[in-house]
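Data block below; observations after.
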Amino acid sequence: MPGLTVHHLQVGQGERIPFLLEELEIPYTLKLYQRSPVLSPPELKALHPMGASPVLEDATSSPDAPLLLAESGAIVEYIIHKHGNGRLALPPSHPNYADYLYWFHFSNSNLQPTIFRRFAVGSVTKSNPEDPRFVNVDQRMWGVIKHVENRLSQTRYLAGDEFTAADVMSVWCFTTMRKFAPFNLSVYPNILAWLKRCTERPGYRRAMEKGDPDLAIEELISAKGPGLFEAFAKMAGLSK
Ligand SMILES: N[C@@H](CCC(=O)N[C@@H](CS)C(=O)NCC(=O)O)C(=O)O
């Protein structure tokens, strides 16, 4: 039956989409791709001009010409409003609407780029604590992490007391993303407790079982974080 197909490059941010769909209990087909050896394989590159994961294919309206949508934030909003009756989003009438928007967008617009910039500059500068280029990105990243920690010391979830799509967007930055850009969460107890709450959810468990069964959730949510993605470590010259 034509419906939704999620194209997911394993060990990556595409995991957000099965997570959302499981939470919303919307049926979908999951098409998995393996990194080759780090980036997208040719068949995923051919799917969309950006060649990246996730990509959503929606054949519900026109089975012969399915819609293809990339960008995880856009996909999450599309699914919620087109197929989910607005569930897991907060509406403008909700007192936490602005918080919801802020934290939803924070993930891809601030958190993720800041973490990855610190990793990239760290690779070039050998994370030299006396190199101002590294000091700048390092301080910025810990500032952003502290900002999330402060938020979660006040609220159970990012947008407030309810679990929302803002959490769906952000969890991966603290879990699977650390396989590429490691950082330690030992002194961030509120982030660790939030990660535990989010990843205990049956929707997350089902999504990871289907999409990335080889990832150990206990490692992803540990303070130390998971081990590096091997092919990426090799490429970045980090393997022993
Ligand atoms: N901003 C995009 C980023 C997509 C992206 O870079 N995805 C990574 C997976 S973590 C990817 O496909 N990398 C492989 C490649 O670019 O070849 C989103 O949120 O969907």
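Indexing begins at 1, ligand by ligand and atom by atom, following the structure's order. Numbers here simply count residues along the sequence, with the first being 1.
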Should the ring pair Phe19 and Phe163 be called parallel, tilted or perpendicular, given that the plane angle runs from 0 to 90° and is split at 30 and 60? tilted
In terms of heavy-atom contacts, Phe119 and Ala181 come closest through CB-CB, 3.7 Å
Starting from atom 6 (O) of ligand 1, which protein heavy atom do you reach first, and at what distance in Å? Gln13 NE2, 3.8 Å
Donor-acceptor check, side chain of Arg206 to backbone of Glu22, threshold 3.5 angstrom: yes or no? yes
Closest protein heavy atom to atom 14 (C) of ligand 1, given as residue, atom name and distance to 0.1 Å: Ser40 OG, 3.4 Å
Atom 4 (C) of ligand 1 - nearest protein heavy atom and its distance: Ser53 O, 3.3 Å
Going by heavy atoms, is Arg16 under 4.0 Å from ligand 1? yes
What atoms of ligand 1 come closer than 4.0 angstrom to any heavy atom of Pro54? 20 (O)
Can you pull out the closest protein heavy atom to atom 9 (C) of ligand 1? Residue, atom name and distance to 0.1 Å, please. Arg35 NH2, 3.6 Å
Could you name the option among Ser107, Gly14, Ala52, Pro41 that has the heavy atom nearest to atom 16 (O) of ligand 1? Ala52
Nearest non-hydrogen protein atom, atom 1 (N) of ligand 1: Glu71 OE1, 2.9 Å
Following the transitive rule for hydrophobic clusters with a side-chain heavy-atom cut-off under 4.5 Å over Ile, Leu, Val, Met, Phe, Trp and Tyr, establish whether Val144 and Met169 coincide in one cluster. yes
closest protein heavy atom to atom 13 (N) of ligand 1 is Leu9 CD2, 3.9 Å
Is the contact between Asn108 and ligand 1 made by the side chain, the backbone, both, or neither, using heavy atoms and a 4.0 Å cut-off? side chain
Please determine if Glu209 and Arg205 form a salt bridge, counting it only when a charged side-chain N lies under 4.0 Å from a carboxylate O. no
Treating Arg35 as the side-chain partner and Val11 as the backbone partner, does any N or O pair qualify as donor plus acceptor under 3.5 Å? yes
Quick note on ligand 1: atoms under 4.0 Å from a heavy atom of Gly12 include exactly 10 (S)
Residue that, paired with Tyr100, satisfies ring-ring contact (aromatic ring centres under 6.0 Å, His included) out of Tyr102, Trp103, Phe104: Phe104
Under 4.0 Å, counting heavy atoms only: does Gly73 come that close to any atom of ligand 1? no
Thinking salt bridges, do Asp161 and Arg156 make one under a 4.0 Å N-O criterion? no
Can you report which non-hydrogen protein atom sits closest to atom 19 (O) of ligand 1, along with the distance? Ser72 OG, 2.5 Å
Leu21 side, atom CG; Ile80 side, atom CD1 - distance, nearest 0.5 Å: 10.0 Å
